[in-house]
Amino acid sequence: IVGGAPVKIKEASWMVSIQKGNSHWCGGSLVREDWVLTDKQCFSSCVPDLAEYSVWMGFLHLNDTGREESEKQVLKISHVVCGPEGSNLALLKLSGAALQTENVRTIPLPVTGCAIPEHTNCTMYGWGETKGTGHDGIMKVVQLPIVSNERCNAYHRGSLPITESRLCAGGKRDEGVCEKDYGGSLVCEEGDFKVVVGVSVHGRGCARSNRPAIFVNVPYYAEWIHKVFKYYS
Amino acid sequence: KHPRRNSLHDYRKSDGIHLFKTDSSLLTKSKSLSEVKCARRCSRNKGLSFICRAFHFDQKTRKCHWLSFDSNTPGVKKEQDFSFDLYEKKDYTRECIIGEGSSYKGIKSVTKTGLKCQAWASSVPHDHNFLPSRFKRKDLKENYCRNPNNETSGPWCYTTDPDIRHQSCEIPQCSEVECMTCNGENYRGPMDHTETGKECQRWDLTRPHKHTFHPKRYPDKGLNDNYCRNPDNRLRPWCFTLDPQTPWEYCNIKVCDVNAKTDIDTTTKCFRGQGEQYRGTVAVTPDGVQCQRWDSQFPHNHSYTPENYKCQDLRENYCRNPDGAELPWCFTVDTKVRTAFCTNIPRCDTEPPATEECFEGNGEEYRGHLSKTRSGVPCAMWEDNLDRSSATNSEIASLENNFCRNPDKDKHGPWCYTNNSSVPWDYCMIKPCKPSSNVIPTKSDPSQISCFRHKRIR
């Protein structure tokens, strides 16, 4: 996360770090006790060699071996279910259910086909690149305003197809998502109720002025997610 | 204690070949001796009035015929005669060197820049001390390139150009005259030393190392003499060595820049013959079990890695035939099924590739006969899964056999159930006929549905 601030653990208890060979590789969201929603591009294919991957949750510091270590849960991935063609989504079936604790909680999915009004401030979380803005290796959070697809398309000057399967947020210089935040969640809040509305996908550049970050529009794919839960569980 | 080196290792054998001399000045001598002793005498020139360059061994009479000539000598003809085996000294017949090439006895007589060599017996234009009379063992014949002083740049000669005294002949290393592709299974070049410089054992001998790779047993593997070969799909050409302590070693052979044979026979939709050139993306067995990745050792340990089989295109978990099996196959992710043949890939000559199909809208009206998921898993019969489906009666009517359908109006297109427990359902291998027209939503059409109607449930 470029800009933003460190997170307190309970504030982002659904966030997981997808580890590849024991180093942080991508973000992800615990959407059920045994399912993680992430970016398909975090994997080389829909049938990757899963031996090298694991999922960490319930922690803030990537390299902390102290007190936090006992709270951390590490699970293997048993299966990758790739999303519909062009979605860039993947659901990861975990080898077991995550234990729900104060620091590990699932995040609700949004209503199918819903939309977040433009200018709503939503929140992105991750352990990715900070571009010198500090707190490397710690989960960070940044506020990003929702940008309509129409304006987002104009910002990107048509170079990226912003279809109804995508949504945009951010666009301020030095505030946004970056490498290794991909797969993580854009979360919007109403009262105390949070939902995951976006999954950060690999994009072009980080936190550039007038270049809002692009996310997979989770409400657009919510039916698919529920259908996977229904038949794969 | 090292056993005595078998002199047959110095020779190139040609089965059923007899050399017939038309020039009467060429000399021969005969005696009843074993092949090995015959070779030893020829190598040492013992009891011979000429320099032995080759010998015949008459298998019928068990008689040895030493020759002052070889198949390259003018005035000599090759004839087929199955009672004879011809053994020619490699040093005379090959136009490549091992190491510095001190034993080179070939007939090249031109330097690397094309200058004609000066005869060793001549002092014109360059006076020198490497006279044949002084260095009898160095074979300083005619004006042939030689290396009497072990130059690191290989055989050389004095040149006939008065301004250039001597120059290398740039005779290639035996490891480079023929390059290899893939694992070198088709390499038939003249390299006969291992990568650490050990001399190879002849394939037709079983000393110092016993083995079963006899040339007559594997006639198509090119197991001639003691050349580096790869008859058993190892990483590279190799050979047994003459060092009793080292059974075998790999050889260092030059790798070809491009594999000229690629792509000619390659198929992707079907396979020909045994499917060794199949390069398609089917990654599931006929029973719907996913294939294990070739670069993974889980759940099955194996040696068919992309590194070991460089030209077999062992990408992802696609069905392949890296080992000359009957059909393309793969390891499976089922711990109880190690490998399976991919008989779900059609043969090119019996089944034409399926025509391209597409669906309109969300594919609700699709009534085609496609019955595979996008990853190639066969669809299960709908009637076996109706209890899993919430389809209405009219929707059920469209659910024929195991064809891809869209009874729940899934906006991402037709799908099906499978009998594979790791893929209960998936979308089908079919694309929309037209790309989605609602690429950019209009300004006046934002969704009015709130995202926060959920209630937390236990």
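All values derive from a computational prediction rather than experimental measurement. Just so we're on the same page: letters track the sequence lines, and every chain starts at 1.
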- Query: Quick one: what part of A/Glu118 sits under 4.5 Å from any heavy atom of chain B, side chain, backbone, both or neither?
  - Reply: neither

- Distance-only side-chain donor-acceptor flag, B/Thr418 / B/Trp425, under 3.5 Å: no

- Task: Go through B/Gln297, B/Arg374, B/Lys431, B/Gln290 and name the one with the most non-hydrogen pairs under 4.5 angstrom from chain A.
- Result: B/Arg374

- Message: Please classify the contact between B/Phe298 and chain A as side chain, backbone, both or neither, with a heavy-atom cut-off of under 4.5 Å.
- Response: neither

- Query: Would you say the SG of B/Cys416 sits under 2.5 Å from the SG of B/Cys379?
  - Reply: yes

- Message: Strictly below 4.0 Å, N to O, side chains only: are B/Arg405 and B/Glu400 in salt-bridge contact?
- Response: yes

- Note on the structure: Turns out that what part of B/Val333 lies under 4.5 Å from chain A's heavy atoms comes down to neither

- Task: May I ask you to say whether B/Asp313 pairs ionically with B/Arg315, meaning some side-chain N is under 4.0 Å from a carboxylate O?
- Result: yes

- Inspect the contact between A/Lys227 and B/Asp408 and indicate whether a charged nitrogen and a carboxylate oxygen are less than 4.0 angstrom apart. yes

- Query: Think B/Lys269 forms a cation-pi with B/Tyr278, using NZ or CZ under 6.0 Å from the six-ring centre and within 45 degrees of its axis?
  - Reply: no

- Message: Tell me which of these, A/Pro84, A/Pro219, A/Ser148, has more heavy-atom pairs under 4.5 Å with chain B than the rest.
- Response: A/Pro84

- Task: Sort A/Lys93 into side chain, backbone, both or neither according to what part of it lies under 4.5 angstrom from a heavy atom of chain B.
- Result: neither

- Message: Please classify the contact of A/Val218 with chain B as side chain, backbone, both or neither, using a heavy-atom distance under 4.5 Å.
- Response: neither

- Query: Where do B/Val289 and B/Asp334 come nearest, in terms of heavy atoms and distance?
  - Reply: CG1-CB, 3.8 Å

- Message: What part of A/Cys188 gets within 4.5 angstrom of chain B, counting heavy atoms only: side chain, backbone, both, or neither?
- Response: both

- Note on the structure: Most contact-rich option vs chain B, by heavy-atom pairs under 4.5 angstrom, among A/Gly86, A/Ala222, A/Cys82, is A/Cys82

